[in-house]
Visitor: 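Got a structure here, written out as structure tokens. Questions coming.
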Amino acid sequence: MAVSAPIRNRVLKLRAALHEHNYRYHVLDDPVISDAEYDRMFGELQDLEARYPEFISADSPTLRAGAPPLKQFAPVNHKVAMLSLSNAFDESDVLAFDRRIRERAEIEEVEYVAEPKLDGLAVSLLYERGVLVVGATRGDGETGEDVTMNIKTIKSVPLRLRGKNIPEILEVRGEVFLTHAGFRKLNEDQRSKAGKLFVNPRNAAAGSLRQLDSRLTAQRPLEIFFYGVGRVAGKIPVTHRALLKAFKTWGLRVSPLAELVVGAEGCIEYYERIAKIRCRLSYDIDGVVYKVSDMSLQSKLGNISRAPRWALAHKFPAQEESTVVQGIEVQVGRTGAVTPVARLRPVFVGGVTVSNATLHNRREIERLDIRVGDTVMVRRAGDVIPEVVSVTTGKRPPHTRRFKFPDACPVCGSEIVYEGEGIVARCSGGLYCSAQRKESIKHFASRRAMDIDGLGDKIVEQLVDKNLVQDAADLYSLTVEQLVGLERLAGKSAQNLVESLQRSKTTKLERFLHALGIGQVGETTAQQLAAHFGSLQAIIAAPVDDLVKVPDIGPVVAASIHTFFNQPHNAAVIQKLRQAGVTWPEHSTAPEDRGLPLSGKIFVLTGALSSMTRDEASRRLRDLGAKVAGSVSGKTDFVVAGSDPGSKVAKADRLGVAIVGESEFLDMIAL
Ligand code: IVH
């Protein structure tokens, strides 16, 4: 039929492209498109094949699970194919999955095991009479590569299984991955010997496992979680849940987050819970997996071409996407820091549309050699600022030019000076630089500082450009007449703005301190200063020796505070603000209640607690009179270490500070 020619062409084009991307991803570990783009093309092809069955073919990538193996390793034939998983992107996919299973099995309710979907690479390990004999990669699902020597270097892989009831032949499957810390360390090592940097932990894990020299693999901090079986001769438990339990007894590592859930509702509740803690995990996951727990039901359900009917991967929004660089600019921040920024073709990533990404500093620009016109991979994880992870040089258009970092501030023309081993660029213009003035006024007005409702960024920019304000104090002499002349400010909003400026004058000392934008003094330090000294005069008068008595304030921060208040122009602005009527209630001494159970004790929280969030823990501690600091110092009384604690524990240990675990902590706050 003539009408289907364009559809046929589209099918062929998608197939060819997917074959190519599969090869690049699975064989070369060098993808040129994001996973999300691949999933989209794959979905489109699946959809076309479903609607036009005449175009189904035996060589379609939708029928296969991957790509052929590299030639260097001996091939391993998977007697039981290593399947892929069907994907769900929203709740309706999960509901449909659960409905299909209930209908096929003719049961009311299904028990699933829900597990995180680890973002690493799948491997298959063959144990004969409990001894590890072969370790293989997945390859195309039918044939993988023999990486036994490399697998054996992974510390969490048992070379011999322990415990009882081990089947004669047991092929187990799992995911090899790197933690964020392992990935960072690996890239640091690579950088120090001028080696190739890896773009993300998954690529680094794949590259590490597929080293021909297993001595190199041994130096890479690879980890593994096991999540299934292949060929088995002998008895294994009858549910997936019991299988995971047996794995643990045999010494095979299982994700601690795997759990039994009931029905689609249980699955979705699990998904939402894991999505919330995702950013706190020490490794990458790209979704969760639901598996029918009853294994006889699993075999009854069987497979559809490339994936089992009894399992589903429910994906999180992609954290990496590719897009095009439309421009590279430098921005001047409140403290004069000059940061390069990539202007991007807007792209949906990590659940939001991103059109700018930070390029951090001069060194990062050199590392990426990013140019206008380049196709780049952008990453946005959790609440982190979007960043460019890599440049796809294969897609670079002709005649691009290297980006040259400016010598002078693009806003005020002052010389750019370099700090921190020449990496951090700073405009030397100070408050002469209108960019720095704009940013400090925006900060002054911001919600967590003076909270001036209606004073948006665009208005601040016009006020500075039109010379209506030079510093924050000038805001308070603005009149409705002056404001109505500005863009985006009609009569009523100008009136409202003057009113909210009036309202903001009655504030709190900690807000005022934060609003001043003292170097190194964020919201928490401002709160601690206010609580410790009780009045602005006391802080201004405090010598460095007194400032360091405040929790979280070390010599560097103390010096910064001291210098700030000794600058005549800062003193003048503070005086002007006071004269304009900015005021707050003052206490002559710190409002410290000595009668509370933890009065005077300084706590630092690190790692995740299972019984409450860190905010809740801090609140509880403060209610009991304790202070909560952000970093460990000699003044710290206790470090509370949750799971995956950071370097704070090591520091506490070095300084001899008491370290308490979660249960001990719960006892303390239950006083
Ligand atoms: S089960 C027959 N469980 O996802 C079921 N896979 O898209 C096969 N993966 O190749 C896989 N975490 O690399 C399963 N908890 C988990 C997983 C998981 C990550 C990966 C695995 C597999 C791919 C399928």
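Counting convention: from 1, in listed order, for ligands and their atoms alike. These figures come from a predicted structure and were not determined experimentally.
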Visitor: Considering only heavy atoms, which of Y227, F177, Y290 lies nearest to atom 17 (C) of ligand 1?
Guide: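 When every heavy atom of Y227, F177, Y290 is considered, Y227 comes closest to atom 17 (C) of ligand 1.
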Visitor: When you measure from atom 4 (O) of ligand 1 to every protein heavy atom, which one gives the shortest distance, and what is it?
Guide: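 Result: K117 NZ, 3.2 Å.
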Visitor: Restricting to side chain to side chain contact (heavy atoms under 4.5 Å, CB included), what partner residues turn up for L260, sequence neighbours left out?
Guide: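 In terms of side chain to side chain contact (heavy atoms under 4.5 Å, CB included), with neighbours along the sequence ignored, L260 is linked to E111, V113, R241, S293.
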Visitor: Does ligand 1 have any atom that is closer than 4.0 Å to a heavy atom of A311?
Guide: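 No.
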Visitor: Return a yes/no value for R138: is any of its N or O atoms, backbone included, closer than 3.5 angstrom to an N or O of ligand 1?
Guide: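 Yes, at least one N or O pair falls under 3.5 Å.
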Visitor: Which is it for L85 and ligand 1 at heavy atoms under 4.0 Å: side chain, backbone, both or neither?
Guide: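 Both parts.
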Visitor: Out of K315, E175, E115, indicate the one that has the non-hydrogen atom closest to atom 13 (O) of ligand 1.
Guide: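 Heavy atom nearest to atom 13 (O) of ligand 1 belongs to E175.
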Visitor: Which residue owns the protein heavy atom closest to atom 8 (C) of ligand 1, what's the atom, and how far is it?
Guide: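 Heavy-atom neighbour on the protein nearest atom 8 (C) of ligand 1: L83 O, 3.8 Å.
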Visitor: Hydrogens and angles aside, do S92 and D90 bring a side-chain donor and acceptor to less than 3.5 Å of each other?
Guide: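 A donor-acceptor contact under 3.5 Å links the two side chains.
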Visitor: Return the minimal non-hydrogen interatomic distance between T217 and T153, and the atom names on each side.
Guide: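 Smallest heavy-atom distance, with atoms named: CG2-OG1, 3.5 Å.
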Visitor: Ignoring angles and geometry beyond distance, decide whether P308 reaches within less than 3.5 Å of ligand 1 through its nitrogen or oxygen atoms.
Guide: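 No, since none of the N or O atoms of P308 sits under 3.5 Å from an N or O of ligand 1.
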Visitor: Which atoms form the tightest heavy-atom contact between L281 and H180, and what is the distance?
Guide: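 What the structure gives for the nearest pair is O-CE1, 3.5 Å.
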Visitor: Enumerate the residue pairs fulfilling salt bridge (Lys or Arg N to Asp or Glu O under 4.0 Å) with a member in residues 256-270, sequence neighbours excluded, ordered by first and then second residue.
Guide: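 Salt bridge (Lys or Arg N to Asp or Glu O under 4.0 Å) check on residues 256-270 returns E259-R273, E269-R273.
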Visitor: Quick one: closest heavy-atom pair of L85 and K117, and the distance?
Guide: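 Minimum heavy-atom separation between L85 and K117: CD1-CE, 4.1 Å.
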Visitor: Just do the ring-ring contact (aromatic ring centres under 6.0 Å, His included) check on Y290 and Y271 with the steps written out, would you?
Guide: CA-CA 10 Å; Y290 313 126; Y271 173 89; 7.5 Å; no
Visitor: Does the N or O separation between P116 and ligand 1 drop below 3.5 Å for any pair?
Guide: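 In this structure, P116 places an N or O atom under 3.5 Å from an N or O of ligand 1.
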Visitor: Please list the nearest protein heavy atom to atom 12 (N) of ligand 1 with its residue and the distance rounded to 0.1 Å.
Guide: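 Heavy-atom neighbour on the protein nearest atom 12 (N) of ligand 1: L118 N, 3.0 Å.
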Visitor: Considering non-hydrogen atoms of the protein only, which is the closest contact for atom 3 (N) of ligand 1, and what is the distance?
Guide: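 Sorting protein heavy atoms by distance from atom 3 (N) of ligand 1 puts K291 NZ, 2.9 Å first.
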Visitor: Looking at R278 and D286, what are the two nearest heavy atoms and their distance?
Guide: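 R278 and D286 have their closest heavy atoms at NH2-CA, 4.0 Å.
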